[in-house]
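Both backbone and side-chain heavy atoms feed into the values below; hydrogens, waters and symmetry mates do not.
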Amino acid sequence: MRLGRWAWLLPLPLLAVLGLFLFGLGELVWSSFAGPEGFGLDRYRQFFARPDYIDVLFRTLWVAALTTVVSLFISYPVAYFVARYRGRKDWLLVLIMLPWLVSVVVRTYGWIVILGNRGLLNEFLGWLGVIDAPVRMLFNTTGVVIGLVHVFCPFMILAILAVFLQLERQLEEASMSLGAGPVETFWRVVLPLSLPGVISGVMLVYLMSTGAIITPLLLGGLRDRMLGTQIYQEMFQLFDFPKAATIAVILTVTAFVVVLPLQWLERRVSRNLKGAA
Amino acid sequence: MSQTDTLLAIDRVVKTFGSHRAVDGVSLDVRRGEFLTLLGPSGCGKTTILRMVAGFEHPDSGTIAIEGRPIQGVPPYRRPIGLVFQNLALFPHLTVGENIAFGLRVRRRPQEEIARSVDEALALVELSGYGERRVHELSGGQRQRVALARALIIRPAVMLLDEPLGALDLKLRRQLQLELKQIQQRTGTTFIFVTHDQEEAITMSDRIAVMNGGRVEQVDTADRVYNRPSTEFVATFVGDTNLLSGRVAQAGDGEARVSVPALGRDVPAPAGSLRAGDPARLSIRPENIRIAGPDAAWRVEAIVRDVVYAGAAHRYTVEAGDMRLLVAAPANPGTAPLAPGQRIAITWAGADAALLAASAA
Ligand SMILES: Nc1ncnc2c1ncn2[C@@H]1O[C@H](COP(=O)(O)OP(=O)(O)OP(=O)(O)O)[C@@H](O)[C@H]1O
Ligand SMILES: [Mg+2]
């Protein structure tokens, strides 16, 4: 490569983007502290003084946690299956990523068709005779969690799969040759060795769930707002930018309260696994 | 050998992958306490046999029995086997001690017993004091020993070792060969050891099973495999040899004579199952060909073409008739080696050669 003396130009676009991002972030944080009566925590006090906002905050954490846990339980077996699949894995990967070729909005509408009071699922359950009256699965927390799980599962699967693909099959065979049955091999070998992938998947999905907007907007109830939709509302319906900034900062801080310990844990686990595979 | 001495019996086992016969009708009796080596070129089915004994692959036909009981359908975790993989497969999330303790933990042994056994196992493989280390802090040779200790601690009836020394450098390899053999003798465990290194097989084994293309060609002591190969493949795979094609001219008891067109004469060979007129191959090791003295019973003229000094012996390439032969002669400090171009006569004792049926190819 003969870039010569122009090579220093290459990082410029990256620096520009980074600069813009940092500027925006700084502006955001600053505006959340700057009030009409000067610099201070006023906006934060106002936020925490309102029970409905506290509700929104806790609903956000709850939905994110639920989404993460459900995604984990769905993704873990899928990732394991893909990793151990003897045929062509690339097709399975395409299948997993396929939903991403469709816009989130369209997919979310798909869920409305399925989960609605007269949706496919309720009709089916009614036809089976399992239920008499339709189960509310839409415009409440259930709907949001279902929608979010659908959107974020591929990330969780890929995060866990990345670890499984490096996991030598012979480790499981070694465990079995030492007398451990399949269940015991899972608990003693497979699970501990896949923890780094589980933790990164959990962090990823948790972070994305706390900040979700479109899915809760479309599938959540009017009263079941989340922090993301609240910010959206403050900005685009009420044009209260400083309040939106305050909520955004609160959202970021609460997310990090969960993610930082996870990150510490991941580093610890990974260090223990050094030299794996 | 009486029947009771057989610990592991492999009987006419066939295993195909797709259309490829990886194991093509192998029968093998492994005796209690013996060190048996599966020796053969890459892809001949050694690993597949071990994996079938361990229970990770299943024979298409044939049976495998341990202590006379067929183990078909017994899952790997209920078979009395210990396994050492080529890549060792140590658990990276566990310490050395925890790796070794694994088999006992799974068996829910009491804590004190586990601690004691682990200490003993560490001592056995000369790693006392390494129990707290993490696996990635060990050298290749040390990891090797951990893998061995981990498998031995469950006191398996049969230890299966799949080229466990393959990744080590030559010096360490030699040292571990000795240690492995000593450990095997001290514990009295039956070892099935896989290698494609014939020297390794010869130094370590009580018996060697030489494999080729999914079949066992010969099962014998190292000495007999080397000196009494029963097929052409065994003769060429184990050590260097000269192969002479010809026809059995005369078959008596004790000695036969084979006419070798390339040499233009009959040469002596040990009597075998071949009859006069049968096509045959004669295998004669380089060190069994001697420079003919005046009292030699027979001789053939030859010209020295090439000399290589190889440690304790000179290795000559000589031309005799229409063929080239390898000759190894001990290096005598007193006498000068033969020089290229020198005319000599060579001979060998019929009993030192091996008479083999000519292979179809
Ligand atoms: N799971 C499998 N699927 C398909 N083919 C296989 C499988 N395992 C082994 N084979 C084939 O079976 C043959 C024997 O393999 P095996 O691993 O037993 O050889 P090996 O003697 O152990 O060789 P090496 O010395 O290289 O380890 C090879 O041709 C291999 O390609
Ligand atoms: Mg192999």
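Heavy atoms of other residues, nucleotides or ligands lying less than 6.0 angstrom from OH of A:Tyr80 number more than 12. Around the CZ atom of B:Phe17, the shell of radius 6.0 Å holds more than 12 heavy atoms that belong to other residues, nucleotides or ligands. No more than 12 heavy atoms of other residues, nucleotides or ligands shown are found within 6.0 angstrom of CZ on B:Arg12. Counting heavy atoms of neighbouring residues, nucleotides and ligands inside a 6.0 Å radius, atom CZ of B:Arg155 does not exceed 12 of them. Surrounding CZ of A:Arg169 are more than 12 heavy atoms belonging to other residues, nucleotides or ligands, all under 6.0 Å away. Enclosure of atom CD in B:Gln185 by more than 12 non-hydrogen atoms of other residues, nucleotides or ligands within 6.0 angstrom is indicated.
Taking each heavy atom of B:Phe56 and A:Glu173 in turn, the nearest pair found is CZ-O, 3.2 Å. Of all heavy-atom pairs spanning B:Ala89 and A:Ala174, the tightest one is O-CB, 3.9 Å. Closest approach of A:Leu193 to B:Pro92, counting heavy atoms only: CD2-CG, 3.6 Å.
Looking at B:Ile153, there are no atoms closer than 4.5 Å to chain A (heavy atoms on both sides), in backbone or side chain. Only the side chain of B:Phe85 comes within contact range of chain A, judged by heavy atoms closer than 4.5 Å. Only the side chain of A:Glu184 comes within less than 4.5 Å of a heavy atom in chain B; its backbone stays farther off. For B:Arg51, the part lying under 4.5 angstrom from a heavy atom of chain A is the side chain only. Of the atoms belonging to B:Arg78, not a single heavy atom falls under 4.5 Å from chain A. Contacts between A:Ser175 and chain B at a heavy-atom distance below 4.5 Å involve backbone atoms as well as side-chain atoms.
Side-chain atoms of B:Phe102 and A:Val189, non-hydrogen and from C-beta on, do get closer than 4.5 Å to each other.
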Quiz prompt | Verdict with reasoning, A:Glu168 to B:Asn87, per side-chain contact (heavy atoms from CB on, under 4.5 Å) | solution = CA-CA 10 Å; A:Glu168 294 234 34; B:Asn87 67 0; 3.1 Å; yes
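The main-chain N or O of A:Arg188 is found under 3.5 Å from a side-chain atom of B:His93 such that the two form a donor-acceptor pair.
Exactly one residue among B:Leu104, B:Ile154, B:Val106 makes a side-chain contact (heavy atoms from CB on, under 4.5 Å) with A:Leu178. That residue is B:Ile154.
The distance from the CZ atom of B:Phe91 to the CD atom of A:Glu172 is 10.0 Å, given to the nearest 0.5 Å.
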